[in-house]
Protein chains: 2
Amino acid sequence: MRCKVLDAAEAAFQARGYHATSFGDLMTVAGVSGGALHHHFPTKKALALAVIEERVAAAVEATWIAPVKAAVSAREGVRAVFEAVATELEQQGFVRGCPLNNLAHELSLADPDFRAALAGIFAAWRKAIADKIKADQQEGREQGTDPQHFAALAVAGYSGAMSMAKTAQDPGPLRDCLAALGQA
Amino acid sequence: MRCKVLDAAEAAFQARGYHATSFGDLMTVAGVSGGALHHHFPTKKALALAVIEERVAAAVEATWIAPVKAAVSAREGVRAVFEAVATELEQQGFVRGCPLNNLAHELSLADPDFRAALAGIFAAWRKAIADKIKADQQEGREQGTDPQHFAALAVAGYSGAMSMAKTAQDPGPLRDCLAALGQA
DNA sequence: TTATAAACAGGATGATCACCCTGTTTTTGG
DNA sequence: CCAAAAACAGGGTGATCATCCTGTTTATAA
C-alpha cells in the first residue's frame with residue numbers, strides 16, 4: 001500500500017509536478033483511502049521527501065551511477081548513458097524530463113529539507129563521475145582532465161539537455177550535447 | 001499597473017513558481033485589486049503567457065543573446081556570460097535559478113501554449129550561439145566545431161549548471177562547467 | 001460637453017486543497 | 001488466545017484558490 005502510493009506519487013510528480021498533484025489524485029490513481037494515505041504520509045511534504053529519498057535517488061543510481069561505475073571509462077560511461085536515454089526517449093515518443101531536475105526546480109527553493117535531499121543526490125551523481133575520471137587517471141588516461149569540472153559538465157549537460165528535450169518534446173538536444181561533449 | 005503586475009508576477013514565479021503563486025499574493029505585492037488584475041489578465045494562464053513572452057524572453061535576450069552577438073567570438077561570448085552570471089550570483093549570496101528553466105520545468109508539460117512559448121525561447125537562444133559560431137567560421141576560426149552541437153552544449157551546460165547551483169545554493173557548478181567547457 | 005469604453009475596486013462564489021477525526025479491521029507479540 | 005498496536009476507511013473542516021460580478025472612476029473621442 002505504501003509502495004503503491006509511492007509509485008503513484010513518483011509518476012504524478014514526474015508528469016505534473018508536486019504542487020499540481022493533489023492527495024485526491026493519488027487516492028484515485030493508487031486506489032487508497034484518505035486515511036491510509038495520511039497514515040503512511042502524515043503530510044504532503046513527508047510524501048515528497050520519501051519520493052525523493054527512496055525513488056528519485058534510486059533512479060539516479062540506476063540510470064547514471066551504476067552504469068558509469070561499470071563502464072570501461074568515465075567518458076564511455078557518460079556516452080553510453082546519453083545514448084541509452086536518447087534512444088529510449090525516441091522510442092517512447094514523449095519526454096517527461098529528469099525526475100531529479102523536475103523536482104529540484106519546483107522544490108529546492110520551497111523548503112530547506114527538500115533542498116538538502118535534492119542537493120545530496122546531485123552531489124552523489126557528480127561524485128560518481130569524478131571518481132571514475134580519477135580511476136581512469138590511475139590507469140594513465142585522462143591526464144589533462146579535471147575530474148570535478150568534467151563531472152559538473154556531464155551532469156549539467158545532461159540536465160540541461162533534458163530540460164530542452166522536455167520543452168521541445170524532442171530528444172534531439174541530448175544527441176547534440178552528446179556529440180559536443182565527445183570533443184570536451 | 002499592468003507593468004507592476006508583470007513585475008510582481010515575474011519575481012514571484014522566479015522565487016516560488018507558477019503554482020505556488022496565487023492571485024492574492026500578486027494583489028498584495030503589486031498593490032492592485034482583484035478587479036484590476038483580472039481586467040489586464042483574465043486568467044492565470046494569460047498572465048503566465050505574458051510573463052513568458054514579455055519578460056522571460058527579454059531576460060534571455062539581455063543576458064545571453066545580445067552579449068554573445070556583441071562578443072569577439074562565440075566561445076568568448078559564452079565564457080563572458082558564464083563569468084558574469086557566476087560573479088553576480090557570488091555577490092548576491094543566493095541562487096534563484098534561470099527564469100526560463102524554472103518555468104519550463106513547471107509548465108511545459110502542463111499546457112501546449114506554455115510549451116510552445118518556452119520552446120521558442122530556447123530555440124532562439126541556441127540559434128544565436130550557433131549563428132555566432134558560423135560567423136566565426138566565416139572568418140576562418142572554429143573549423144572543427146559543429147555550430148548546432150556547440151550551441152546545444154552551451155545552453156544545456158548553463159541550464160544544468162544553474163539547476164545545480166540553485167539546488168546547492170552555490171554558484172560553484174557554473175565555474176566548474178565554464179572550466180570544462182573551455183576545453184570543448 | 002457628452003457618450004462610450006477602458007480601467008479599476010472589492011466583495012461573492014463554488015471548487016478544491018491538505019489535513020483531521022472517529023471508527024473499524026488487520027496484524028502482531030506475549 | 002488475547003490484548004495492543006498498526007493499518008486502513010471515509011466523512012468532515014477550515015482555508016485558499018481562481019474566477020466572476022456588480023458597480024464606480026477615469027480616460028478618450030466626437
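Order of the sequence lines fixes the chain letters, A, B, ..., with proteins taken first and strands second; residue numbering starts at 1 for each chain.
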Any donor-acceptor N/O pair, A:Glu10 side chain to A:Val56 backbone, under 3.5 Å: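 Answer holds: no.
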
B:Gln92 side chain to B:Phe94 backbone, donor-acceptor under 3.5 Å: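 Such a contact is found between B:Gln92 side chain and B:Phe94 backbone.
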
Residues of residues 21-32 of chain A with any non-hydrogen atom less than 4.0 angstrom from an atom of DNA chain C: list those, numerically ordered, please.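 Under 4.0 Å from DNA chain C: A:Thr21, A:Ser22, A:Phe23.
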
Find out whether B:Val155 and B:Trp64 are in side-chain contact, i.e. whether some heavy atom of one side chain is under 4.5 Å from a heavy atom of the other.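 Of all side-chain heavy-atom pairs linking B:Trp64 with B:Val155, none is under 4.5 Å.
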
Please list each protein N or O that sits under 3.5 Å from an N or O in nucleotides 5-8 of chain D, with the distance.
{"unit_1": "D:dA7", "atom_1": "OP2", "unit_2": "A:His39", "atom_2": "NE2", "d": "2.7"}
{"unit_1": "D:dA7", "atom_1": "O5'", "unit_2": "A:His39", "atom_2": "NE2", "d": "3.2"}
{"unit_1": "D:dC8", "atom_1": "OP2", "unit_2": "A:His40", "atom_2": "NE2", "d": "2.3"}

Quick check on the 6.0 Å ring-centre criterion: do B:His105 and A:His105 meet it?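 So the answer is yes for these two rings.
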
Give the rounded distance in Å between these two atoms: [atom1] of [X] and [atom2] of [N].
X: B:His38; N: D:dC20; atom1: NE2; atom2: P; answer: 7 Å
X: A:Lys45; N: C:dC19; atom1: NZ; atom2: C1'; answer: 16 Å
X: B:His19; N: D:dA18; atom1: NE2; atom2: C1'; answer: 12 Å
X: B:Leu37; N: D:dC20; atom1: CG; atom2: P; answer: 13 Å
X: B:Lys44; N: D:dT19; atom1: NZ; atom2: P; answer: 8 Å
X: A:Leu47; N: C:dC17; atom1: CG; atom2: C1'; answer: 15 Å

Partner set under side-chain hydrogen bond (donor to acceptor under 3.5 Å, both in side chains) for A:Ser22, not counting sequence neighbours: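 A:Ser22 satisfies side-chain hydrogen bond (donor to acceptor under 3.5 Å, both in side chains) with A:Asp25 only.
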
Partners passing side-chain hydrogen bond (donor to acceptor under 3.5 Å, both in side chains) against B:Thr167 (at least two apart in sequence or in another chain):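 Testing B:Thr167 for side-chain hydrogen bond (donor to acceptor under 3.5 Å, both in side chains), a comparison that skips the adjacent residues, returns none.
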
Just to verify, what does A:Glu90 make a salt bridge (Lys or Arg N to Asp or Glu O under 4.0 Å) with, not counting sequence neighbours?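 Partners of A:Glu90 under the salt bridge (Lys or Arg N to Asp or Glu O under 4.0 Å) test: A:Arg175.
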
What does the inter-axis angle of the helix from C:dT1-D:dA30 to C:dG30-D:dC1 come out as, five pairs per end, nearest 10 degrees?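 Roughly 20°, once rounded to the nearest ten degrees.
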
